[in-house]
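Notes follow once the structure below has been shown.
Proteins get letters first, then strands, A, B, ... in listed order; numbering begins at 1 in each.
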Amino acid sequence: MAKVTRELPKAYVPADFESAVYERWLAADVFAPDGAGTRADPSQPPFVIIQPPPNITGSLHLGHAQRTAVEDLLVRHARMQGRPTLFLPGLDHAGIAAQYVLDRILAAEGENRQSLGRERYLERMWQFINSTREVMLGQQRRLGASADWSRLRFTMDDGSARAVRAAFQRLYLDGLAYRTEALVNWCPGCRTSISDLEVIPRAESGTLWTIRYHLIDPATGLPSPTETIGVATTRPETILGDTAVAVHPDDARYRDLVGRWARVPFVERDVPIIADEVVDRGFGTGAVKITPAHDHDDYETGRRHALPMITILADDATINDLGDGYVGLDRYAVRARVVADLEARGDLVSATPHEMLIGRCDRSDDVVEPRLKTQWFIRTRPLADRALDATRSGRTAIVPKRFVKVWEHWLTNIRDWNVSRQLWWGHRIPAWYCPDGHVTVSTDPAGPAACEVCARPAAELEQDPDIFDTWFSAGLWPFSTLGWPEDTPDLERYYPTSVLETAHEILFFWVARMMMLGLHLTDREPFHTIFLSGLIRDPLGQKMSKTKGNVVDPLSVIEESGADALRFAVIHGATPGEDQKFGSQKLEIGRTFANKLWNATRYVLGARPSSIAPDAERQDPPKAHLGVSERWIRSRTAAAVAGVDEAIGDCQLAEVTRTLYDAIWSEFCDWGLELAKVRLSDASLADAEREATWWTLVESLDTFLRLLHPVMPFVTEVLWAALPHRRDESPLLITARWPAPGERDEAVDSTVAEVLDLVRAIRNARTEAGVDAAAWLPGVALVPADGDVVEALRPAIERLARIRPLTLAVPGSDAHPFVSPVPVLAGRFQVVLDVGGGAGAAAGPDRGREERQLADAEGLLEAARARLASPQFIERAPAPIVEGARAREAELEGLVARLRESLSR
RNA sequence: GGGCGGUUAGCUCAGUCCGGUCAGAGCGCCUCGUUUACACCGAGGACGUCGGGGGUUCGAAUCCCUCACCGCCCACCA
């Protein structure tokens with residue numbers, strides 16, 4: 001168990017303790033919801049985050065670090081609230097992405113997929129991922145992820161495999177998975193089909209060629225030498241697959257041609273001229289060549305008109321044996337030759353530069369070719385409707401809300417999902433075909449015993465060679481990780497999960513599919529909240545990528561600045577759903593903040609009054625002995641608790657760090673500790689009073705450490721261990737209780753704020769007067785009747801503003817003996833300094849400052865009066881606003897008067 | 001072609017949903033400073049007509065309209 005050490009090293013060096021702290025957590029067994037060290041209240045609802053599994057293709061980048069930091073923050077917060085907490089880690093096999101990476105490694109070794117063969121290739125893949133796996137898990141641990149490693153899952157493990165087979169069979173039996181020949185997106189580079197989402201449209205410059213097809217003379221049945229129809233295309237090679245020419249039904253130019261035929265060159269095929277509203281009369285010639293087997297629009301047109309569909313491309317994007325004189329040539333070589341040959345025939349009308357969208361493969365960047373393939377599809381419409389209902393009904397919330405619109409639009413216009421991939425690395429589709437083409441879907445990895453239609457024996461059946469899209473198994477993640485399709489205790493207890501946190505990039509790829517599959521297969525929404533994070537970009541705002549070489553390894557950052565600094569930085573810099581630029585500047589904030597906290601704790605530990613034993617058990621500060629400063633510190637700490645609670649409730653995590661940064665640095669350290677020093681060193685006070693001050697500091701610091709722990713777990717754990725605690729307290733901060741709301745004291749808040757303003761004003765005046773910073777000046781405070789607080793804090797004002805002695809007088813009494821008096825105004829309070837009397841006083845008062853103040857005040861007063869002079873304002877503005885404006889006016893009047901008086905001297 | 005973000009101090013960004021001391025933070029810059037937690041610090045300072053224009057309102061960084069630029073998502077003009 002953590003040994004309580006009340007002595008901290010002088011310097012904050014994260015590398016010295018972060019790993020050790022993590023080991024301590026592991027040893028205490030606090031990560032698992034049912035671990036030996038958890039102090040969870042089993043009657044509370046569990047909090048569950050199933051980690052979005054990172055792709056097992058190498059190492060984690062800063063984006064992963066950010067998401068892990070967010071997830072871990074939420075998990076630690078819930079754990080401290082006493083909820084049973086499950087943070088289930090995992091890794092994704094990343095089908096096509098992993099193959100792409102491995103293929104490049106193989107290429108460097110002079111091997112490739114084909115040279116190895118399916119079996120050896122998969123062996124190599126397992127080898128590869130076994131090496132990356134440890135790296136990735138190590139990175140997460142180093143980052144502080146408080147995940148239950150005993151439940152680590154992988155999308156290619158047996159559990160996932162079972163879930164995939166069961167899910168697919170269920171979808172098949174429900175009529176939601178079907179096999180058909182359809183136009184799919186084919187990536188010649190990856191040699192597989194890809195989903196619509198993986199086709200990235202990119203604006204590129206191409207050429208629009210207009211070519212002439214000769215009409216068939218009805219009399220002779222031969223192409224007419226003179227009668228032609230012009231069609232425009234950006235892909236002339238597809239001519240070889242044309243089966244029609246289409247015009248708009250209302251286009252007068254072509255009305256008479258509809259129903260006639262035209263001759264497709266080279267393949268010398270006669271195709272009908274059809275009328276279809278898909279044609280845009282204004283584009284090109286108004287006539288379109290139709291290639292149903294190689295274009296999405298044409299495919300639809302072809303289906304409407306029952307046109308033949310002729311596939312002319314092979315898997316490697318060369319022309320197949322239907323391509324007549326172009327057989328075996330690459331698509332672009334054919335394009336060039338077709339153009340040349342058309343020109344030679346005199347049938348090339350024009351070639352003009354043309355800007356267009358080219359679909360490229362997300363992975364290989366190769367140009368995607370639509371083509372016909374027989375594949376498995378998931379019928380998404382019914383699934384999408386349920387997903388829409390989940391968010392519309394509020395059973396699942398999307399944060400930030402604006403993504404709801406995107407979600408709705410996509411799910412409303414969704415198309416069926418092609419899940420077949422012609423790859424090797426992934427879950428094999430559990431469908432078997434008999435020689436008669438009957439389909440049997442089985443959950444048995446060995447396959448069915450016989451064809452379920454014709455009962456042919458297993459030996460005659462053949463399994464589909466394809467694998468599933470990697471997002472299919474990913475789509476089962478929230479429940480496959482908990483034991484589905486078995487009805488396990490984990491599934492019962494932890495499903496549906498609490499929060500799904502992920503990058504908005506994969507809202508469709510992953511989140512929508514989990515929602516659709518989850519609802520259909522488990523009948524429950526897989527998560528209550530979808531929390532979408534933005535991307536981490538480099539300091540120039542560019543997306544980080546390996547090819548750009550701007551990827552940052554979280555470990556190198558942690559090495560240099562500490563995991564806490566990294567976590568603070570990525571959370572502090574994030575607005576939900578917005579991308580953030582990340583640079584060393586942001587890390588500095590976290591690192592210096594941790595350093596500040598470290599030193600503040602060192603101060604508090606060292607400031608313990610000697611009347612308290614070094615190993616004293618923790619006590620509450622006795623209320624009877626609290627001074628104004630202590631009451632202020634406690635109230636401000638309570639304000640921070642409220643602020644953090646509200647921010648977390650709103651998923652405004654950056655607001656959490658801002659609140660704590662300000663509360664800890666600008667209030668607790670800058671003023672709280674300074675005020676405390678005055679009391680702690682005041683020999684005139686009783687021991688009990690000094691003790692009350694110290695226990696107040698300990699209490700406040702303890703609270704801040706708890707609040708900050710989810711963001712900066714390491715440094716807070718170490719510092720917290722150094723504080724005195726009660727005997728029944730948690731041995732570790734990670735399982736300590738989240739702070740309860742504290743008592744606010746608004747009156748103390750505002751009066752102390754006024755005194756602090758006064759101190760600032762005096763410091764200003766000293767600087768302006770050119771007084772030596774170390775000099776002690778005498779002063780007289782002119783305090784109104786209700787200014788007890790000045791009296792109470794007089795020693796603090798003296799010390800913080802370096803005034804000695806500070807005597808009190810009623811306003812209006814001009815009785816000060818000063819030779820060089822400088823009046824200082826702050827709100828209701830006024831202090832007159834003697835800059836001539838103190839040691840080291842240099843110059844007289846600087847009138848320039850007061851003149852500027854006066855000008856400012858007069859300007860503001862004028863504006864305030866103008867506002868109050870408006871009858872509309874008085875009539876229509878709410879009373880509190882008007883009163884506030886009047887108070888402001890009065891305040892400014894007083895200030896102006898005092899400044900004028902001061903300047904007139 | 002639709003939709004969504006962004007545009008606030010030299011830089012990185014809060015604040016905009018719920019209009020009124022909200023014009024803020026950090027970094028950078030300038031001036032001081034070895035007051036026994038911290039120079040990874042402290043005290044103080046300079047710097048913005050909140051992208052442009054119009055409107056609503058007593059009052060707009062905040063709401064509405066519009067324009068501009070940057071970015072993203074969706075989309076079947078060959």
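- Contact between the side-chain N/O atoms of K289(A) and the OP1/OP2 oxygens of A78(B) is not found at any separation under 4.0 Å.
- Residues H572(A) and F582(A) place their aromatic rings such that the two centres sit no closer than 6.0 Å.
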Q: Walk me through it: do H248(A) and D276(A) pass the test side chain to side chain donor-acceptor pair (under 3.5 Å)?
A: CA-CA 5 Å; H248(A) 194 276; D276(A) 195 291; over 6 Å; no
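- Comparing the same atom, P, in G5(B) and in G51(B) gives a spacing of 16 Å after rounding to whole Å.
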Checking side-chain contact (heavy atoms from CB on, under 4.5 Å) for the pair L800(A)/W671(A): CA distance, chi angles, key distance, verdict? CA-CA 9 Å; L800(A) 298 180; W671(A) 295 108; 3.9 Å; yes
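- Counting non-hydrogen atoms under 4.0 angstrom, P880(A) reaches nothing in the nucleic acid.
- Comparing the same atom, C1', in C73(B) and in A14(B) gives a spacing of 25 Å after rounding to whole Å.
- Summary of the strand contacts: R415(A) and P878(A) both lie near RNA chain B, and taking for each the nucleotide with the nearest heavy atom, the more 5' one is attributed to P878(A).
- Look at G44(B): its Watson-Crick or wobble partner, with both distances under 3.5 angstrom, is C30(B).
- Nucleic acid contact for R591(A): base, since at least one base atom lies under 4.0 Å from a heavy atom of the residue.
- Remark: the separation of the C1' atoms in A60(B) and C17(B) is 15 Å, to the nearest Å.
- Straight-line distance from the OH atom of Y661(A) to the C1' atom of C38(B): 13 Å, rounded to whole Å.
- For the C1' atom pair drawn from C27(B) and C70(B), the interatomic distance equals 24 Å after rounding to whole Å.
- What separates CD of E408(A) from P of C74(B) is a distance of 17 Å, to the nearest Å.
- Nucleic acid contact class of W407(A) (heavy atoms, under 4.0 Å, all strands): none.
- Across all strands shown, nothing is found opposite G19(B) as a Watson-Crick or G-U wobble partner with both distances under 3.5 Å.
- No engagement by I874(A) is indicated, since no non-hydrogen atom pair under 4.0 Å with the nucleic acid exists.
- Across G54(B) and U62(B), the matching P atoms stand 13 Å from one another, rounded to whole Å.
- Set against A37(B), A78(B), C40(B), the side chain of N599(A) has A37(B) as its closest nucleotide.
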Before you tell me yes or no, could you show the steps for T391(A) and W407(A) under side chain to side chain donor-acceptor pair (under 3.5 Å), namely the whole-Å CA-CA distance, both residues' side-chain angles and the distance that decides it to 0.1 Å?
CA-CA 9 Å; T391(A) 49; W407(A) 171 265; 3.0 Å; yes
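- E674(A) comes within contact range of at least one nucleobase, with a heavy-atom separation under 4.0 Å.
- Regarding contacts with the backbone of G42(B), a side-chain N or O of W665(A) is found under 4.0 angstrom from either OP1 or OP2.
- To the nearest angstrom, P of C41(B) lies 13 Å from OH of Y12(A).
- A 4.5 Å side-chain heavy-atom check between E560(A) and S584(A) finds every atom pair outside the cut-off.
- Side chains of R281(A) and R253(A) form a contact here, defined as non-hydrogen atoms less than 4.5 Å apart.
- The side chain of L357(A) sits closest to A75(B) out of A37(B), A43(B), A75(B).
- Nucleotides A37(B) and G45(B) have their P atoms positioned 25 Å apart, rounded to a whole Å.
- Phosphate proximity of A14(B) to T575(A): present, with a side-chain N or O under 4.0 Å from OP1 or OP2.
- Across all strands shown, L197(A) has heavy atoms under 4.0 Å from sugar-phosphate atoms exclusively, and none from any base.
- If you check every strand for non-hydrogen atoms under 4.0 Å, E578(A) touches sugar and phosphate atoms only.
- Within 4.0 Å of H354(A), counting heavy atoms only, lie sugar-phosphate atoms of the nucleic acid but no base atom.
- Note on H296(A): nothing from the nucleic acid sits closer than 4.0 angstrom, heavy atoms only.
- Rounded to an integer number of Å, the gap from CG of L605(A) to C1' of C38(B) is 14 Å.
- Summarising the base pairing, G1(B) is matched to C74(B) through a Watson-Crick or G-U wobble pair whose two defining distances lie under 3.5 Å.
- No hydrogens or angles were tested; on distance alone, a donor-acceptor pair under 3.5 Å links the side chain of K596(A) to the base of C38(B).
- Looking only at atom types and distance, the side chain of W417(A) has no donor-acceptor partner in the side chain of S195(A) under 3.5 Å away.
- For G45(B), one of the phosphate oxygens OP1 or OP2 lies less than 4.0 angstrom from a side-chain nitrogen or oxygen of N764(A).
- Taking atom CG on D276(A) and atom P on C76(B), their separation rounds to 16 Å, with Å as the unit.
- With both ends at atom C1', the span from G33(B) to C38(B) equals 15 Å, rounded to whole Å.
- No contact: R799(A) has no heavy atom under 4.0 Å from any strand.
- Whole-Å rounding puts the I664(A) CD1 to A25(B) P distance at 18 Å.
- Across all strands shown, I881(A) has heavy atoms under 4.0 Å from base atoms, whether or not it also approaches the sugar-phosphate.
- Among the atoms of the strands shown, base atoms are found under 4.0 Å from some heavy atom of K677(A).
- Distance L868(A) CG to G59(B) P: 14 Å, rounded to the nearest Å.
- For R763(A), the side-chain atoms get nearest to A43(B) when compared with the rest of A78(B), A43(B), C74(B).
- Nearer the 5' end of RNA chain B, as judged by each residue's closest nucleotide, is the contact made by V13(A), out of V13(A) and T234(A).
- Phosphate contact (OP1/OP2 of G26(B), side-chain N/O of K586(A), threshold under 4.0 Å): absent.
- Here the rule is ring pair (Phe, Tyr, Trp, His ring centres under 6.0 Å) with W598(A), and of F17(A), Y603(A), F714(A), W720(A) only F17(A) fits it.
- The gap from the P atom of G59(B) to that of G20(B) amounts to 15 Å, rounded to the nearest Å.
- Ion pairing between R335(A) and E237(A) holds under the 4.0 Å rule for side-chain N and carboxylate O.
- Counting any heavy atom pair closer than 4.0 Å across all strands shown, D662(A) reaches no nucleic acid atom.
- Picking from G20(B), U12(B), U35(B) the nucleotide with the shortest atom distance to the side chain of Q585(A) gives U12(B).
- In this structure, L673(A) places its CG atom 17 Å from P of U35(B), rounding to the nearest Å.
- With distances taken from any side-chain atom of E655(A) to the nucleotides C11(B), C76(B), A14(B), the minimum falls on A14(B).
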